[in-house]
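Each remark here refers to the structure printed beneath this line.
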Amino acid sequence: MSRYDPATLEPKWQAAWAEAGTFVAQRSDDKPKYYVLEMFPYPSGRIHIGHVRNYTMGDVIARYKLARGFNVLHPMGFDAFGMPAENAAMASGGHPADWTYSNIDTMVAQMKPLGFGLDWSRMFATCDPEYYGQQQALFLDFLEKGLVYRKNAVVNWDPVDMTVLANEQVIDGKGWRSGADVERRELTQWFFKISDFSGELLDALDGLDDWPAKVKLMQANWIGRSRGLQFAFGLVEPTRGHDRVEVYTTRPDTLLGASFVGISPDHPIAKELEAHDPKVAEFCAQARRGGTTEEALEKAEKLGFDTGLRVRHPFDTAWELPVYIANFILMDYGTGAIFGCPAHDQRDLDFARKYGLPVISTFVPLKGDHLKPEDGGEAYVPPKPDKVRWTLPFNWAEEATGEEAIDAAISFCEGKGVGQGVTKFRLRDWGLSRQRYWGCPIPIVHCDDCGVVPEKKENLPVELPRDVSFDTPGNPLDRHPTWAATPCPACGKPARRETDTMDTFVDSSWYFARFTAPRATTPTDLEDAAYWMNVDQYIGGIEHAILHLLYSRFFARAMQICGHLPEKSKEPFNALFTQGMVTHAIFQTKDANGRPVYHYPEEVELRDGRGFLKDGTEVEIIPSAKMSKSKNNVVDPVNIIATYGADTARWFVLSDSPPERDVEWTAAGAEAAAKHLARVHRIAAEIAGDDTAPNDADTPLLREMHKAIFDVTNGVESFGFNAAIAKLYAFTNALGKSTAGAAAKRQAAKTLAQLMSPMTPHLAEEIWAMLGGEGLIANAPWPVANESMLTSDTVTLPIQINGKRRSEITVAKDASKEEVEKHALADDAVQKALAGGQPKKLIVVPGRIVNVVI
RNA sequence: GCCCGUGUGGCGGAAUUGGUAGACGCAGCGGAUUCAAAAUCCGCCGCCGCAAGGCUUGCCGGUUCGAGUCCGGCCACGGGCACCA
């Protein structure tokens, strides 16, 4: 009898699949199609156990759907543009393209031994000119349809390196290399008009039934529809062409609590004042210091500058309010100006206290002690649906909810001619310009005569030049001696290419559509897209819940408008699953200076939950940390595959933890998985040589088998892979102990192999072949549970007395309620508890439980 | 700061979605087999308690015949915050 030897068995079956073309996707009208996609990887260098987990989940679905008779598309590619390639070039002097393609080669070579059922013939990288050339064509189509435009926007500016910084490159408000205080600077940039789709992208979330509710909620909050009042405060004394400050507020009901007007440092009035008043300029410069992230803005100390300007309250011309420039007001949202109501907004309250401005409550709680903010309390900000007592209503009841008050306030103001109710969205347009080399060039030419001119489609792709250097900060495309020089596509005179490249989110916003026809000479082939789209199951990290998924939803709409996708693909992902990370303990000691030193798992010996180095030094164990190269806690799947085989790696990453949650990689867990697979192999091999006659044990084993089919199928369908695997353990135990006849055992073992085949495909093929299965198990139809084998004639019901389990009774499956009651009351424990009395209440939940209330 | 999650034995987790909390696995303990070991097989295994029994799903409170599951309030940890991918 041969031992379980994945090192020979796995390549054998991979070759068999390749020869049979099992996973090459071809259009076919005989079968329903199924498109399963995992978010494609960034080619960081080597694959990571997290990749193994993600792609194994997708592979389970792909192989299961294949067995269910679907024509499956399961492709793989690489999200290959981005900063790390440039950073590597800066650090080691190589070229981003070499670094990237070499990483891709490595990662493909690492992924293939895992036996994923992928159609490798469709592979591409987003840095392939064939791909990004089509992306440039999409950009031009979007431009023609008015979906792209140019405007000014702020970026992080490093004043020492004289370069734009990504948010990631800003650490505590300073440039990562120069250490200089980062400033916010305006640049003219390209934008996608995603905000035109705000309402649609929000409303369409309702139709995404197979998306996690939390993702839809996050997207809804991100898009952020709000109803409010837009109105103007008139300036007491007009200044430099401005006689009013236009304001948008979601709380017009608190207008009588107004205390000041705040404008953004980027507001036209602020800029006007800045140009003429050095003190304003100084303040604005200070306010623009620091990074551009919302987090940085929100956490920054709230600063204000009294412009000296005064506005009149719209309800009372004698009531004047000061106008402040404030660093926490965003020009991008609303009108870039607000009215401050300190009593009902903590930020406004902090600001008012800092600058000695009045605080006026407009409502108080219905009951209970309430320390008003004007008396030193916190800002009172109850949820809008809650009823409160109004001290300063305009035209609504003294007791009303915030929602009622807002509606009434808007109609009151509209009636008085003070502004109008408007709907606004928080979602901003998507700035796609990046001042970097390793990205898709924006196919635009700047001509002195013609201005901004789109490149002609026949000149695509606009390819990146190969000869660039990264020895100085900034965009190498700007410094390149010849690349940007090009004739104007309109007039033919010498002109200059746009040197900005596209955000890498653009690359990942349509790759799923490209997979349906990866070699097409247009962005997509409409027939292929019509056949394969939509993605039936998309799988990826929760960290992409907002941006990537929202951008892809926008792109699908824009591509549909331009004729690159069918109408049905406006929502490109029918079902979404967000998986958790694979984590690993960090092993840490401290050096002489108290700085942490990180140790590789192989260097650490674990004893009784404590870890020791070879020399006996104890290490501190930090559990469940995100794997990170710098912490030396990255587990390389290549080692796992070499030691235990691909099936063990696949089995382990699916077992134990539910897929949406993080899983901690432990060496012990991997070993246990390997042992179990060897055991399954051994049991199957024994069965292959068994000739026991049919007997009484056959039916119980077949019952277990049908139960396993039912549970595993449910598990796979609902992403309960860990529960499905637990069931497979139980079924294996039952099979191992069974004394049934050879025929029944053979049937059970073949079914076990089929149920395991999505997770451990190589071992499953081996067992299938061993037991005389026909063809490849990958193509065998999925087993179906026989309903009549799933239930028994009797059922055991727990008996609770006052909600605590005290006993149990066994009754016929279809026993009537009265019979169950009779049995329950006759039970010893119940009799004892009743002590001759009658129960107050008797609850019988058929098939579930009995509760006797005494 | 804002938005969204998560929290169950020594550990990873299960629980038919309001109905027996702890399936399955790891670790641990005991045993069989072995000259011995590896491998394998069998059994035990939430906490307190000699026991009867009591307690137990991050903490506090509520709804219910019944709460891990629903509601309110806390605490801790994680993801996202528009130029990381």
Side-chain angles (χ1 to χ4, degrees), chain A residues 39 41-42 44 79 81-84 153 155-156 164-170 189 194 212-215 217-222 224 291-300 328 332 346-347 426-436 503-505 507-508 541-548 550-551 578 580-581 583 608-609 623-624 626 655-658 660-664 666 668-669 671-673 675-676 678-679 682 711 714 720 722-723 725-730 733 736-737 796-800 802-808 839-843 845 847-853:
Chain A
M39 290 179 187
Y42 178 78
S44 54
D79 186 15
F81 275 135
M83 288 202 307
V155 293
N156 301 305
V164 177
L165 296 178
N167 285 337
E168 192 189 46
Q169 297 169 319
V170 179
Q189 312 220 56
I194 190 172
K214 63 177 169 182
V215 173
L217 187 56
M218 280 191 262
Q219 291 219 355
N221 288 337
W222 186 261
T292 58
T293 67
E294 192 167 321
E295 185 189 3
L297 296 173
E298 287 286 339
K299 281 186 174 169
F328 58 87
D332 290 321
Q346 188 60 42
R347 193 171 57 183
R426 202 184 79 99
L427 181 65
R428 311 198 294 256
D429 278 333
W430 170 13
L432 66 113
S433 301
R434 297 290 181 273
Q435 296 70 42
R436 274 188 273 282
D503 179 7
T504 55
F505 270 120
D507 312 335
S508 55
I542 186 68
E543 67 272 21
H544 296 294
I546 297 176
L547 292 178
H548 162 62
L550 191 61
Y551 290 158
T578 54
M581 294 181 300
T583 61
D608 299 334
S624 297
K626 185 174 178 168
S655 60
D656 286 356
S657 267
E660 67 276 16
R661 224 184 286 175
D662 292 351
V663 63
E664 171 142 18
T666 61
E671 197 147 332
K675 271 186 194 172
H676 177 71
R679 180 165 175 247
R682 195 168 51 242
D711 289 341
N714 278 349
N722 54 325
I725 282 181
K727 192 65 212 172
L728 286 167
Y729 268 104
N733 290 342
K737 281 180 190 167
T796 301
L797 296 181
I799 298 190
Q800 294 183 334
N802 290 338
K804 301 237 181 222
R805 183 180 180 283
R806 292 299 176 201
S807 182
E808 61 181 35
K840 269 192 210 151
K841 210 169 174 183
L842 190 56
I843 291 148
V845 184
R848 282 283 168 79
I849 204 166
V850 178
N851 192 6
V852 185
V853 184

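Here is how names work: the chains are called A, B, and so on, in the same order as the sequence lines, proteins then strands, and each is numbered from 1. We use all heavy atoms of the structure for the numbers below, so side chains are in, but hydrogens, waters and symmetry mates are not.
Taking every side-chain heavy atom of A:E543 into account, B:A85 is the closest of B:A85, B:C26, B:A82.
With contacts defined as side-chain heavy-atom distances shorter than 4.5 Å, the pair A:N722/A:D656 does not qualify. The shortest side-chain heavy-atom distance between A:W222 and A:R426 falls under the 4.5 Å cut-off. For the pair A:I546/A:V215, no side-chain contact is recorded, criterion being any heavy-atom separation below 4.5 Å from C-beta on. Taking the side chain as every heavy atom from C-beta outward, A:Q800 and A:R806 never approach each other to under 4.5 Å. A 4.5 Å side-chain heavy-atom check between A:Q169 and A:M83 finds at least one atom pair inside the cut-off.
B:G31 takes the anti form, because its glycosidic angle lies more than 90° either side of 0. Base orientation of B:U17: syn (glycosidic angle within 90° of 0).
A sub-4.0 Å separation between OP1 or OP2 of B:G7 and a side-chain N or O of A:R661 is present. Listed pair A:S657 / B:G13 meets the phosphate criterion, a side-chain N or O lying under 4.0 Å from OP1 or OP2. Between A:R434 and the phosphate of B:C83, there is a side-chain N or O to OP1/OP2 separation shorter than 4.0 Å. Residue A:N221 has no polar side-chain atom (N or O) positioned under 4.0 Å from OP1 or OP2 of B:C2. Taking 4.0 angstrom as the limit, A:R428 places none of its side-chain polar atoms (N or O) nearer than this to OP1 or OP2 of B:C81. Look at A:T504 and you'll find a side-chain N or O under 4.0 angstrom from OP1 or OP2 of B:A85.
Rounded to whole Å, atom C1' of B:U40 lies 10 Å from atom NZ of A:K675. Remark: P of B:C4 and CD of A:E294 are 14 Å apart, rounded to the nearest angstrom. The distance from atom CG of A:N722 to atom C1' of B:G12 is 10 Å, rounded to the nearest whole Å. Across the protein-nucleic acid pair, A:L217 atom CG and B:C81 atom P stand 17 Å apart, rounded to whole Å. Atom CH2 in A:W430 sits about 17 Å away from atom C1' in B:C81, given to the nearest Å. Here the C1' atom of nucleotide B:C81 and the CD atom of A:E295 are 7 Å apart, to the nearest Å. One atom, NZ of A:K804, and another, C1' of B:G53, lie 12 Å apart when rounded to the nearest Å. The nearest whole Å value for the distance from the CG atom in A:L728 to the P atom in B:A14 is 16 Å.
A:L842 comes within 4.0 angstrom of no nucleic acid atom, judged by non-hydrogen atoms across all strands. When heavy atoms are screened at a 4.0 angstrom cut-off, A:P658 is found touching the sugar-phosphate backbone but no base atom. Among the protein residues, A:F505 comes within range of the nucleic acid bases, having at least one heavy atom under 4.0 Å from a base atom. As judged by a 4.0 angstrom heavy-atom cut-off over every strand, A:G224 is placed among residues making no nucleic acid contact. Counting non-hydrogen atoms under 4.0 angstrom, A:R679 reaches the backbone sugars and phosphates but no base. Residue-level contact check: A:Q169 touches neither bases nor backbone, having no heavy atom under 4.0 Å from any strand. Among the atoms of the strands shown, base atoms are found under 4.0 Å from some heavy atom of A:K299. Residue A:H544 is in base contact, counting any heavy-atom pair closer than 4.0 Å across all strands shown. Here A:S508 lies out of heavy-atom contact (under 4.0 Å) with every strand. Using a 4.0 Å heavy-atom cutoff across all strands shown, A:Q219 reaches no nucleic acid atom at all. Residue A:N714 is out of contact with every strand shown, counting any heavy-atom pair closer than 4.0 Å.
Between the side chain of A:D79 and the main chain of A:Y42, no donor-acceptor pair closer than 3.5 Å is present.
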- Task: Begin with the C-alpha distance, continue with both residues' side-chain angles, and end with the deciding distance and a verdict on salt bridge (charged side-chain N to carboxylate O under 4.0 Å, His left out) for A:K214 and A:E660.
- Result: CA-CA 12 Å; A:K214 63 177 169 182; A:E660 67 276 16; over 6 Å; no
- Query: Given A:E295 and A:K299, is the salt bridge (charged side-chain N to carboxylate O under 4.0 Å, His left out) satisfied, shown in steps?
  - Reply: CA-CA 6 Å; A:E295 185 189 3; A:K299 281 186 174 169; 3.1 Å; yes
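Atom C1' of B:G31 sits at a distance of 15 Å from the matching atom of B:C45, rounded to the whole Å. Spacing of P atoms, B:G28 relative to B:U33, comes out at 22 Å, to the nearest Å. Taking atom C1' in both B:A76 and B:C42, one finds a spacing of 42 Å when rounded to whole Å. Separation of the C1' atoms belonging to B:C70 and B:G18 is 8 Å when rounded to the nearest angstrom. Separation of the P atoms belonging to B:G12 and B:A27 is 15 Å when rounded to the nearest angstrom. Here the separation of B:U57 from B:A15, taken at their C1' atoms, is 11 Å to the nearest Å. Rounded to a whole angstrom, the distance from the C1' atom of B:A32 to that of B:G19 is 41 Å. To the nearest whole angstrom, the two P atoms, one in B:C29 and one in B:U34, are 23 Å apart.
The aromatic rings of A:F505 and A:Y551 sit perpendicular, their planes meeting at an angle over 60°, well past the 30° parallel limit.
Here the CE atom belonging to A:M218 is positioned 12.5 Å from the CG atom belonging to A:L550, to the nearest 0.5 angstrom.
Residues satisfying the side-chain hydrogen bond (donor to acceptor under 3.5 Å, both in side chains) criterion with A:R679, sequence neighbours excluded, are A:N733.
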Check nucleotides 65-69 of chain B for protein N or O atoms closer than 3.5 Å to its own N or O atoms and list the pairs.
{"unit_1": "B:C65", "atom_1": "O2'", "unit_2": "A:N851", "atom_2": "ND2", "d": "3.2"}
{"unit_1": "B:C65", "atom_1": "O2", "unit_2": "A:N851", "atom_2": "ND2", "d": "2.5"}

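Paired regions of RNA chain B, where each region holds three or more successive Watson-Crick or G-U pairs whose two hydrogen-bonding distances fall under 3.5 Å, are B:1-7 with B:75-81, B:10-12 with B:24-26, B:28-32 with B:40-44, B:46-48 with B:53-55, B:58-62 with B:70-74.
If A:V215 and A:K727 are placed on RNA chain B by their nearest nucleotide, the residue sitting closer to the 5' end is A:V215. Nearer the 5' end of RNA chain B, as judged by each residue's closest nucleotide, is the contact made by A:R806, out of A:R806 and A:D79.
For A:Q435 and A:Q189, the side-chain atoms include at least one donor-acceptor pair closer than 3.5 Å. A donor-acceptor contact under 3.5 angstrom links the side chains of A:N156 and A:T292, judged on distance only.
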